[in-house]
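Here is the structure we will look at, set down as structure tokens.
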Amino acid sequence: MPKQEFHYELGGRKITIETGEIAKQADGAVIVRYGDTVTLSTAVASNTPKEGIDFFPLTVSFEEKLYSVGKIPGGFLRREGRPSEHATLSARMIDRPIRPLFAEGFRNEVQVVNTILSVDQDASAEMAAMLGASLALCISDIPFNGPIAGVKVGRIDGELIVNPSAEQSEKSDIDLTVAGTKYALNMVEAGAKEVSEQEMLDALMFGFENVKKLCEFQETIIEKIGKPKRDIPLFQFDADVEKEVRENFEQAIREAVSIEKKLERYEKIDEITAQAVSSFEEKEYENEKEKAAILKQVAALCHQIEADEVRRLIIEDKIRPDGRKIDEIRPLDSQVDLLPRVHGSALFTRGETQVLSTTTLGALNENQIIDDLTEVESKRFMHHYNFPPYSVGETGRMGSPGRREIGHGALGERALSQVLPSQDEFPYTIRTVADVLESNGSSSQASICAGSMSLMAAGVPIKAPVAGIAMGLIMDEESGNYTVLTDIQGMEDHFGDMDFKVAGTAEGITALQMDIKVNGITKEIFDEALQQAHKARLEILKNMEGAISKPREELSKYAPKIAMMQIDPDKIKDVIGPGGKMINQIIAASDNVKIDIDDDGKVVIYHTDQAAIDHAKEMIQEIVREAKVGEVYAAKVVRLEKFGAFVNLFGHTDGLLHVSKISHNRVDKVEDVLKVVDIIDVKVIEIDNKGRINVSAKALLPKPKKVEHPHHKEENEKPKEQ
């Protein structure tokens with residue numbers, strides 16, 4: 001197929017799609033040019049199903065090439081290594097709207113690779129890659145129910161903007177990403193500065209209108225160059241096996257679903273599943289491979305029956321597995337100050353979900369260095385989320401965070417960052433760590449509640465407490481019946497059709513995230529979910545306020561104290577000294593204080609001991625201190641010359657005391673009246689244009705009285721001649 005180009009304009013920027021020239025051996029490949037951003041998206045599917053799995057093996061990657069922004073990678077090897085957090089989050093953002101649009105039972109491995117070749121910070125590489133991923137799948141022979149598209153939405157002075165530039169994003173009070181088909185949205189990611197539910201809904205619908213246009217643009221391309229889809233067999237249960245499992249075990253599983261306690265419920269369902277598998281182990285099979293496949297089907301069928309019953313109870317009977325009403329929150333408990341030595345700590349429990357959050361304050365030079373495609377070089381607030389396997393009663397891998405932990409951490413960071421004080425108001429690097437101790441749904445939102453309380457306990461002057469809640473949806477797409485659930489637990493999340501997380505203050509939303517398993521949801525469902533979330537958020541905030549209602553006015557005695565001062569930027573080099581000699585002397589002499597110096601001359605000193613801070617501040621003040629005309633000093637004589645003496649006023653600042661300025665009486669030899677190390681009071685009388693300082697001791701001495709001679713007086717008293 002020869003190279004072909006297709007053009008579109010979005011938000012005043014041109015989009016060009018190229019295909020047929022590059023990566024021709026992939027099942028589908030497109031180049032997307034958006035402004036000066038260039039991405040290559042490829043899609044490849046295996047020809048046969050992957051054996052021995054019971055899930056859809058889709059992988060989506062976002063390959064950051066640092067040459068795309070003119071950077072050489074850091075580190076010893078100077079080449080790209082493991083994905084950055086930004087790359088991981090971008091890959092997840094593209095995966096989430098694509099995954100639901102493959103048919104149930106799809107078991108062929110699919111790999112979508114998005115390579116970022118050039119980045120224009122005003123033209124989103126993430127949105128270009130999402131468009132490319134959709135088109136690569138759609139023009140290929142891989143069965144995919146797309147296209148999908150995504151856009152970013154900003155708002156400045158009440159005006160909504162599609163795909164805002166970097167400068168516009170800085171001014172925007174909404175940072176929203178939406179994706180979906182031309183029929184409905186199926187992925188949302190947002191941060192906001194306490195906006196109302198109605199304002200967020202308006203932004204969602206504005207984004208959806210632009211998503212529809214991009215999907216329609218893709219359809220014109222697919223119509224011209226799309227390949228016929230290959231016939232891929234979908235996984236289906238063996239009819240005889242399904243019949244036997246349902247006849248013998250379905251009723252018992254449905255009854256077990258209604259057990260209120262999570263671990264008891266799961267234990268009973270596992271017991272019934274084990275019985276079902278055991279009943280099939282005694283049968284005869286042609287070989288071990290067939291036996292393993294049937295036993296796996298039996299377990300999967302039990303799981304499917306469990307899912308069907310959960311969904312039926314909620315949609316038809318409005319009954320949840322733990323007996324709650326559809327808008328009821330599980331029991332809440334909020335505590336602070338669990339850990340005596342950390343700077344701030346809090347424990348938040350909601351039902352069987354529990355998160356411990358700690359806050360640590362550090363110097364600004366302890367911020368996180370960023371090495372990715374964005375313009376952000378560092379950040380002073382980090383929210384880290386850890387999900388150990390014991391939190392769900394399992395064993396498993398411990399170590400570096402996975403995609404899920406990075407994603408949940410980013411969501412919490414986005415929610416809490418909206419209420420943090422500015423760097424000028426609170427010059428600290430801030431880190432919150434959320435350790436999930438127990439989990440049965442929505443631990444990411446519990447981490448936001450716990451994080452908000454630990455920040456306040458640490459004395460961080462946040463604008464307002466933030467709480468988060470996870471909403472769910474169980475929907476029958478054929479009938480259109482649905483139920484929106486408040487505070488979903490693990491089973492409802494796993495078997496449900498939507499995970500809609502909303503975080504915010506009493507005043508408005510600060511973060512939003514939505515993933516769905518159905519094709520999309522309507523404006524009415526969005527509205528209902530947002531209103532239920534608002535009600536739940538206020539209830540949670542009230543519980544949190546029972547533990548701590550506002551930020552503490554004083555920091556922990558173990559947190560670093562600060563002192564700020566402003567120096568002349570020209571003096572920075574003097575404070576640092578050659579090779580850092582002077583600053584290291586100050587640090588060593590002040591019990592290893594931490595010192596940050598900005599290019600504008602702002603100095604911040606940190607230490608747990610105020611005396612150490614004061615000592616470092618005095619040393620810096622001495623270095624940057626400048627003499628002024630009219631000031632008086634008790635100066636030490638440091639050198640004698642024929643024409644006068646050099647005296648030290650302070651620090652490294654000397655002045656010249658000319659021989660004529662020592663006394664009102666004539667001084668022939670300086671050494672007759674002064675010697676080195678003498679202390680003499682002097683006044684600054686001049687600073688020349690080269691910075692040289694002239695001082696006078698005479699100016700501080702009383703002038704001698706004028707004595708008149710007697711004969712002068714007699715002459716004055718003689719009468720004048722007539």
Side-chain angles (χ1 to χ4, degrees), residues 343 361-369 376-381 420-430 459-461 554-555 559-636 638-639 646-657 679 681-695:
H343 301 164
L361 305 178
L364 289 174
N365 60 17
E366 294 179 312
N367 56 12
Q368 182 183 355
I369 306 302
V376 178
E377 296 182 350
S378 65
K379 62 179 181 180
R380 65 182 273 258
F381 175 55
L420 288 178
S422 69
Q423 184 171 305
D424 289 337
E425 294 171 314
F426 194 72
Y428 285 94
T429 292
I430 306 165
V460 180
E554 293 185 359
L555 304 181
K561 312 299 185 296
I562 62 169
M564 292 185 287
M565 57 189 296
Q566 192 71 36
I567 65 174
D568 185 337
D570 293 338
K571 294 282 186 178
I572 293 175
K573 62 181 184 298
D574 299 327
V575 175
I576 294 174
K581 181 179 179 181
M582 182 57 66
I583 195 79
N584 287 331
Q585 285 180 1
I586 297 169
I587 291 169
S590 306
D591 193 22
N592 292 315
V593 297
K594 293 180 180 178
I595 302 174
D596 288 333
I597 305 178
D598 290 342
D599 292 340
D600 63 358
K602 181 181 178 181
V603 180
V604 187
I605 308 168
Y606 306 83
H607 201 279
T608 55
D609 183 3
Q610 188 64 45
I613 292 175
D614 293 341
H615 186 257
K617 188 175 181 180
E618 288 172 7
M619 292 183 72
I620 294 172
Q621 285 173 332
E622 280 298 303
I623 294 170
V624 303
R625 191 175 172 188
E626 292 183 342
K628 294 180 180 178
V629 173
E631 289 183 343
V632 176
Y633 300 91
K636 180 192 285 189
V638 292
R639 195 167 91 238
F646 285 97
V647 296
N648 179 251
L649 306 181
F650 54 82
H652 298 286
T653 301
D654 294 343
L656 172 62
L657 177 60
I679 303 296
D681 290 336
V682 297
K683 181 178 181 179
V684 177
I685 57 173
E686 181 189 22
I687 301 175
D688 67 17
N689 56 8
K690 293 184 178 180
R692 293 176 298 197
I693 302 170
N694 293 313
V695 300

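Just so you know, these numbers come straight off a predicted model, no measurement behind them. Just so it is clear, the values below take in all heavy atoms, side chains as well, and ignore hydrogens, waters and symmetry mates. Sequential numbering from 1 along the given sequence is applied to the chain's residues.
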First locate atom [atom1] of [X], then atom [atom2] of [Y], and finally report the distance between them rounded to the nearest 0.5 Å.
X	Y	atom1	atom2	value
H607	I595	NE2	CD1	10.5 Å
N584	N592	CG	CG	10.0 Å
F426	L420	CZ	CG	9.5 Å
I687	E626	CD1	CD	8.0 Å
N365	I597	CG	CD1	10.5 Å
Y606	E366	OH	CD	8.5 Å

Does any non-hydrogen side-chain atom of [Y] lie less than 4.5 Å from one of [X]?
X	Y	answer
I567	I623	no
L656	V695	no
Y633	D681	no
V684	L649	yes
D654	I693	no

Counting N and O atoms only, with roles assigned by atom type, does the side chain of [X] sit under 3.5 Å from a partner on the main chain of [Y], one being a donor and the other an acceptor?
X	Y	result
D591	A612	no
D598	G601	no
R380	Y428	yes

Check this for me: [X], atom [atom1], are more than 12 non-hydrogen atoms of other residues, nucleotides or ligands nearer than 6.0 Å?
X	atom1	result
D599	CG	no
K573	NZ	yes
K602	NZ	yes
K561	NZ	yes

Which atom pair, heavy atoms only, marks the closest approach of [X] to [Y]?
X	Y	result
I562	I613	N-CD1, 3.9 Å
V460	P421	CG1-CD, 3.9 Å
M619	S590	SD-OG, 4.1 Å
K594	A363	CD-CB, 4.0 Å
L555	A559	CB-CB, 4.1 Å
D600	P569	O-CG, 3.6 Å

Check the pair V629 / I685 against side-chain contact (heavy atoms from CB on, under 4.5 Å), numbers first and verdict last. CA-CA 5 Å; V629 173; I685 57 173; 5.8 Å; no

Result for side chain to side chain contact (heavy atoms under 4.5 Å, CB included) between V603 and one of K617, M565, Q621, M564 points to M565

